[in-house]
Amino acid sequence: MKPLAILGGTFDPVHVGHLNAAWEAAELLDAEVHLMPASVPPHRPPPAASVEQRVAMLRAALAGQDRLGLDLRELERAGPSYTVDTLAELRAEHGDRPLVLLMGADAFAGLPTWHRWERLFELAHLGVFARPGFQFSLPTELEAAVSGRLADTGGDWRNQPTGRVLQLEVTPLEISATRIRHLLASGRSPRYLLPDRMFDMPGLLAAYRSDPG
Ligand code: ATP
């Protein structure tokens, strides 16, 4: 069975940076990849789009291909979820199947602020892709946790369910949801930063436009 890799995020909105990184990770790891939109905790600024809108954009973005899937479990739970709990649930479902938690280098550098972060290495491998504009410098405690775990994508990590850190050389695309929200709010139309379908479906991007009509 292929490994299962998960890319969590706010996806407000999902964009070509996420999609290409997920797609190339699927190729590099020969894995099934699921995008997993997160509920946002009450103390964080709420996404501009509603849960329903974020899911509709993800469905539109993923239509017509069968390599990337969608996992909505965190949205279906009451309240926000900790990644460590979601991974424990996935681990219980998948037995010894290798699981890979995917993230950009920006998210990875912030890992020590996550709830029970050291436990993540016991539940999954980590797959980290470079993010342009982001300097790859790790806090000391993360450096220590990573040393000895680094593995080559072509190596033997597939024979273990968890514990390795894989650096994924995906094509660097300097695209962020923040930038896309700003462009849409200022009346621009970032046609080639998002999949076509997201423009072709009426109202899908209305949450970000200053004049949604
Ligand atoms: P925002 O600008 O609203 O903070 P974002 O574009 O960073 O959003 P998120 O939903 O926060 O998107 O990101 C989800 C995951 O995808 C994170 O692990 C992040 O590092 C990664 N990611 C987002 N954009 C890219 C990109 N262009 N290239 C590689 N990884 C990315």
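In listed order, ligands and their atoms are each counted from 1. Residue numbers start at 1 and run along the sequence shown.
- No N or O atom of A130 sits closer than 3.5 Å to an N or O atom of ligand 1.
- For ligand 1, the atoms closer than 4.0 angstrom to any heavy atom of M103 are 18 (O).
- For the pair E122 and R119, the salt-bridge criterion is met [side-chain N within less than 4.0 Å of a carboxylate O].
- The residues E27 and R67 are annotated as salt-bridged, a charged nitrogen and a carboxylate oxygen being separated by less than 4.0 angstrom.
- Considering both main-chain and side-chain atoms, D12 never comes within under 3.5 Å of ligand 1 through any nitrogen or oxygen pair.
- Short contacts between ligand 1 and G9, defined as distances under 4.0 Å to a heavy atom of the residue, involve ligand atoms 10 (O), 14 (C).
- A 4.5 Å side-chain heavy-atom check between R191 and F199 finds at least one atom pair inside the cut-off.
- When hydrophobic clusters are built by joining Ile, Leu, Val, Met, Phe, Trp and Tyr residues whose side-chain heavy atoms come closer than 4.5 Å, directly or via intermediates, L4 is grouped together with F121.
- Tracing side-chain contacts under 4.5 Å through hydrophobic residues (I, L, V, M, F, W, Y), one reaches L19 starting from L193; they form part of the same cluster.
- Taking 4.5 Å as the limit, some side-chain heavy atom of W23 sits within range of a side-chain heavy atom of Q65.
- Each of L62, L58, I180 was checked for a side-chain contact (heavy atoms from CB on, under 4.5 Å) with V14, and the lone residue meeting it is L58.
- Per-residue contacts place A107 under 4.0 angstrom from the following atoms of ligand 1 (heavy atoms of the residue considered): 18 (O).
- Listed by number with element, the atoms of ligand 1 under 4.0 angstrom from any heavy atom of T178 are 1 (P), 2 (O), 3 (O), 4 (O).
- Counting heavy atoms under 4.0 Å from ligand 1, residue R179 does not touch it at all.
- Between G104 and ligand 1, an N or O atom pair is found at a separation short of 3.5 Å.
- Residue-level proximity to ligand 1 for E174 is absent, since no heavy atom of it falls below 4.0 angstrom.
- The N/O atoms of F129, backbone and side chain alike, include none that comes under 3.5 Å of an N/O atom in ligand 1.
- Of the protein's heavy atoms, A177 CB, 3.4 Å lies nearest to atom 8 (O) of ligand 1.
- One distance of note links CZ of R149 with CG of L166; it measures 12.0 Å at 0.5 Å rounding.
- D106 OD1, 2.6 Å is the protein heavy atom nearest to atom 20 (O) of ligand 1.
- Taking distance alone, with nitrogen or oxygen atoms compared against 3.5 Å, I175 approaches ligand 1 more closely than that limit.
- Residues R209 and S189 form a side-chain contact, since some pair of their non-hydrogen atoms from C-beta on lies under 4.5 Å apart.
- Residue L99 is grouped with residue W117 when hydrophobic side chains (ILVMFWY) are merged at heavy-atom distances under 4.5 angstrom, including chains of intermediate members.
- In this structure, R158 CZ and K2 NZ are separated by 8.0 Å, a value rounded to the nearest 0.5 Å.
- Closest to atom 9 (P) of ligand 1 among all protein heavy atoms lies H18 NE2, 3.6 Å.
- Checking only distances, L173 does come within under 3.5 Å of ligand 1, N or O to N or O.
- Nearest protein neighbour of atom 25 (C) of ligand 1, counting heavy atoms only, is R131 NE, 3.1 Å.
- Counting protein heavy atoms only, atom 10 (O) of ligand 1 is closest to T10 N, 2.9 Å.
- Scanning the protein for heavy atoms near atom 3 (O) of ligand 1, the closest one is R181 NH1, 3.0 Å.
- Grouping the Ile, Leu, Val, Met, Phe, Trp and Tyr side chains by contacts below 4.5 angstrom, directly or via other members, places V16 with L102.
- In this structure, G8 has a heavy atom closer than 4.0 Å to ligand 1.
- Distances below 4.0 Å separate heavy atoms of S176 from the following atoms of ligand 1: 2 (O), 6 (O).
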